[in-house]
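What you are looking at is a predicted structure, and each value in this text was computed from that prediction instead of being measured. Chain letters run A, B, ... following the sequence lines, proteins first, then strands; residues in each count from 1.
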Amino acid sequence: MTSPDTNPLPPQYDAATTESEWYPRWTEHGVFLADATRASSREPYVIVMPPPNVTAVLHVGHGLNNTVQDVLIRWRRMAGDEALWLPGTDHAGIATQNVVEKQLSAEGQTRFDVGRDAFVTRVASFVEQTGGEILNQLKAIGSSADWSRTAYTFSPELSVAVREAFVRLHEDGLVYKGHRVIHWCPRCGTSLSDEEAEFADTTGKLYHLRYVLADDPTQSVTVATTRPETMLGDVAVAVHPDDERYRAFVGRDVILPLNGVRIPVVADSYTDPAFGSGAVKITPAHDPNDFEVGKRHALPMPVVIDAEGVVREVELASGRVPLELVGLDRFDARTKIVAMLDAVGALVKVEPHQHSVRHCYRCDTVVEPRLSDQWFVRMQPLAEKALAVLRSGELRILPDRWEAVYVNWLEGIRDWNISRQIWWGHRVPVWYCDACAQTPIVSRSDVTACPTCGGAVRQDEDVLDTWFSSWLWPFSTLGWPNTDSADLKAFYPGDVLVTAPEILFFWVSRMVMSGCWFLGQSPFHTVYLHGTVRDMDHRKMSKSLGNGIDPLDVVQLYGADALRWTMVAGLGLGVDVMLDPTDLDKSFAPGRNFCTKLWNIGRFLLSRVGADAVQPLSTLPPESLTAADAWILDRLDVAILECDAALGPARPGNGRTWTDAERGRGLRLSEYAEAARRFVWNELADWYLESIKPRLAADSGADRDAARAVLAHTFDGALRLLQPMIPFITEALWQHLPQTPERRPEFIAPYFPRFDHTLHAASLQGS
RNA sequence: GGGCGAAUAGCUCAGUUGGUUAGAGCGCCUGUCUUACACACAGGAAGUCGGGGGUUCGAAUCCCUCUUCGCCCACCA
């Protein structure tokens with residue numbers, strides 16, 4: 001118990017001082033800590049923070065995402081739940097490796113010059129120095145995460161979970177090594193999953209090439225391609241089996257221009273007779289569809305473009321690449337090949353062509369389809385479980401239109417390529433024995449000798465997709481695979497996942513799948529997908545466009561609460577937030593103005609109420625309340641109900657699955673803000689405060705005491721209502737509220753009991 | 001090629017199951033520095049609810065269609 005702060009409030013709200021004063025006090029007193037032992041007597045409410053990349057710097061998107069989470073967590077903490085907000089960072093395999101590779105490049109080196117072990121050491125020390133800085137920045141906007149639990153996807157603990165997941169999926173028959181055409185980034189030097197190879201609409205060219213028949217040079221077939229350089233690796237021309245035009249060609253050979261290789265014409269229903277000439281060149285090593293055709297017809301699969309995207313005879317390609325093309329970058333080779341084809345009369349025509357080209361999501365390089373060996377997870381069994389929990393109502397997604405997107409993706413799920421040919425990440429836990437050529441050893445612990453022959457073993461060179469660790473986040477952070485972990489028992493499954501739609505497939509769907517597979521329950525009952533922060537031209541804010549807003553600038557100018565309020569007030573469900581990076585004054589006026597107004601309300605109200613103790617409402621003689629008093633107390637009740645309704649229900653009413661009636665409700669943050677604003681500004685300040693000025697002006701008396709009691713009670717309620725959105729200013733004001741006999745906890749949060757509407761109803765009835 | 005979303009005041013958006021004069025913030029106009037607040041107060045202007053058709057006693061709200069934006073997915077040779 002503490003005494004109220006009786007110092008007069010300064011005329012201006014000093015955000016910087018308030019924030020630097022209160023945040024450390026909250027953390028010193030463990031206000032943000034969650035305790036598994038308390039979760040038996042209180043409802044747990046759990047949010048796991050989407051772990052930012054270790055190399056990330058706070059941008060306004062993080063600000064929005066984490067403000068939403070903080071509002072929800074503080075709301076539930078205020079309501080008496082055992083609220084856990086679990087923070088951490090992601091080692092971000094490719095992204096982080098790229099950053100360090102750039103540093104090396106500035107020193108004139110590549111990672112290969114440095115060597116694997118030294119490179120990994122260097123990345124690790126880089127991460128140690130700069131990684132996680134973003135978590136400190138999150139504190140500056142008031143994030144009330146349980147920092148004592150800060151996790152990291154590449155920590156020893158989480159690495160255990162990663163291995164466990166890999167080995168268990170292998171035991172379940174879901175992890176396998178596949179030889180097929182995958183997406184390859186020649187710049188990053190690694191394979192990518194389907195999700196990591198992003199489509200970009202492009203105006204390219206469609207090149208029509210003429211291949212002459214080997215047994216009759218007067219006849220030819222024309223094939224169309226957007227990537228003429230791959231013709232060096234062609235092994236067939238495919239036509240549709242029912243296509244009359246080519247019936248006579250099937251089974252005969254054509255001759256590839258430039259390298260003179262003879263390839264057959266095959267019939268395959270993959271070919272669409274209506275596209276182009278109805279004949280398609282088949283390059284099995286450099287196109288996923290052609291790969292399937294090649295398998296069906298048992299065709300060779302020569303590789304003519306190497307891992308760096310350079311044209312040369314890589315594998316089974318002897319005699320296929322003319323000398324003058326060897327060593328050319330794939331795009332230079334394209335230009336030269338087109339010219340060479342034209343020179344020999346093999347180029348029929350070139351047309352502009354609209355299509356989508358896949359790009360690396362980390363460096364935007366055009367992805368090269370490439371034949372290689374990779375580890376895959378067979379996803380369909382996992383997807384079925386993830387679909388089931390959505391259909392049963394164990395899981396919901398808001399806004400609900402995303403549920404269709406989720407379902408569509410899971411129903412058409414494809415196997416997940418989880419191996420990456422980079423160095424920064426969890427090494428694939430598979431060992432090989434060259435001596436006895438045993439089947440690969442998949443192991444939870446490091447293998448040092450072959451269990452069969454005792455000979456030397458070598459570990460798989462690849463590392464795992466960074467998402468293979470983040471998809472375990474909701475339980476790897478709670479102690480899994482130790483199922484006896486008190487945290488796991490108390491806090492799994494969690495409640496809400498807050499993120500942007502961009503990573504619905506990358507992360508959200510996969511977390512649901514892993515949670516269902518490994519623990520039998522969806523890791524959360526609600527996915528809340530918020531909008532994107534955009535500028536006035538509706539462009540996504542980004543560093544490269546230079547249209548970003550640094551949340552820390554906003555904190556410095558107007559305070560964390562003004563930043564938070566502006567974002568929450570503007571956050572309709574699933575709606576993008578528009579802010580003008582060139583006019584911060586205007587963009588953040590709603591938050592700044594509201595904080596100033598609240599401060600002035602508090603200053604005036606507290607000066608009139610004075611420092612003397614006030615009577616609790618319940619002990620006031622009912623007849624001492626005026627109609628205005630009853631009205632504002634009723635309005636407070638309504639405001640609390642409205643705010644609660646805007647945010648809740650916090651969890652399914654039956655504790656397990658959403659009913660149809662509940663399913664779309666809650667998480668309307670802008671409605672929460674608006675209801676609270678209307679009450680505080682329009683009802684409490686504009687109306688009630690004005691109306692009772694004469695009563696407060698009296699020196700003493702029962703009427704003044706009643707007004708003081710109502711005012712203190714109402715403002716107390718208002719501050720508690722607002723605290724989740726604007727924690728600093730509400731705490732600073734709350735500390736000045738005069739004493740009542742029954743309450744004086746250290747902080748406005750979290751020791752208050754649940755909002756109790758019946759209290760107000762009772763006091764009104766008594767009046 | 002498939003799917004989804006949006007179109008309401010100058011701007012950004014609310015309008016939950018169709019029901020009295022369509023709301024908020026910012027901006028704008030007119031006053032007011034009234035000892036809590038000019039980041040404020042009092043008052044005000046402002047919308048053929050994208051176009052067309054339909055259902056209905058009644059539609060921003062339901063149905064059809066068109067237009068314009070935006071997003072997602074796809075083995076777009």
**Prompt:** Does one side chain, of Lys281(A) or Thr230(A), offer a donor that lies under 3.5 Å from an acceptor on the other?
**Reply:** yes

**Request:** Report yes or no: do Trp734(A) and Asp716(A) form a side-chain donor-acceptor pair below 3.5 Å?
**Result:** yes

**Request:** Establish, yes or no, whether the cationic atom of Arg180(A) lies under 6.0 Å from the six-membered ring centre of Phe376(A) and within 45° of the ring axis.
**Result:** yes

Pick the [atom1] atom in [N] and in [M], then give their distance to the nearest Å.
| N | M | atom1 | answer |
| --- | --- | --- | --- |
| rC63(B) | rU55(B) | C1' | 7 Å |
| rA22(B) | rC69(B) | P | 31 Å |
| rU67(B) | rG51(B) | C1' | 7 Å |
| rA7(B) | rU65(B) | C1' | 16 Å |
| rA6(B) | rC13(B) | C1' | 12 Å |
| rU21(B) | rU56(B) | C1' | 22 Å |
| rC4(B) | rG18(B) | C1' | 24 Å |
| rC71(B) | rC11(B) | C1' | 22 Å |

**Fill in**
Each nucleotide of nucleotides 8-14 of chain B classed B (base within 4.0 Å of a protein heavy atom), S (only sugar-phosphate) or -, in 5' to 3' order, makes ---SSSS

**Request:** Among Trp416(A), Tyr361(A), Phe506(A), find the residue that satisfies the ring-ring contact (aromatic ring centres under 6.0 Å, His included) test when tested with Trp467(A).
**Result:** Phe506(A)

**Complete:** Base-paired stretches in RNA chain B with three or more consecutive Watson-Crick or G-U pairs, both distances under 3.5 Å, amount to B:1-7 with B:67-73, B:10-13 with B:23-26, B:28-32 with B:40-44, B:50-54 with B:62-66

Just the atom pairs and distances: protein N or O near nucleotides 33-37 of chain B's N or O, under 3.5 Å.
from	atom 1	to	atom 2	distance (Å)
rA36(B)	OP2	Arg608(A)	NH2	3.0
rA36(B)	O2'	Asn600(A)	OD1	3.0
rA36(B)	O2'	Arg603(A)	NH2	2.6
rA36(B)	N6	Glu690(A)	OE2	2.7
rA36(B)	N3	Asn600(A)	O	3.1
rC37(B)	O4'	Asn600(A)	OD1	3.2
rC37(B)	O4'	Asn600(A)	ND2	3.4
rC37(B)	O2'	Asn600(A)	ND2	3.2
rC37(B)	O2	Lys597(A)	NZ	2.8
rC37(B)	N3	Lys597(A)	NZ	3.0

**Message:** Distance check needed: rA24(B) C1' versus Glu683(A) CD, whole Å only.
**Reply:** 14 Å

**Item:** Euclidean distance, atom CG of residue Leu398(A) to atom P of rC4(B) [Å, nearest integer]
**Value:** 19 Å

**Prompt:** Say you draw a straight line from OG of Ser191(A) to NE2 of His183(A); how long is it, rounded to the nearest 0.5 Å?
**Reply:** 10.0 Å

**Message:** Looking at Ala386(A), is its backbone amide N or carbonyl O close enough to the side chain of Tyr406(A) to form a donor-acceptor pair, meaning the two atoms are under 3.5 Å apart?
**Reply:** yes

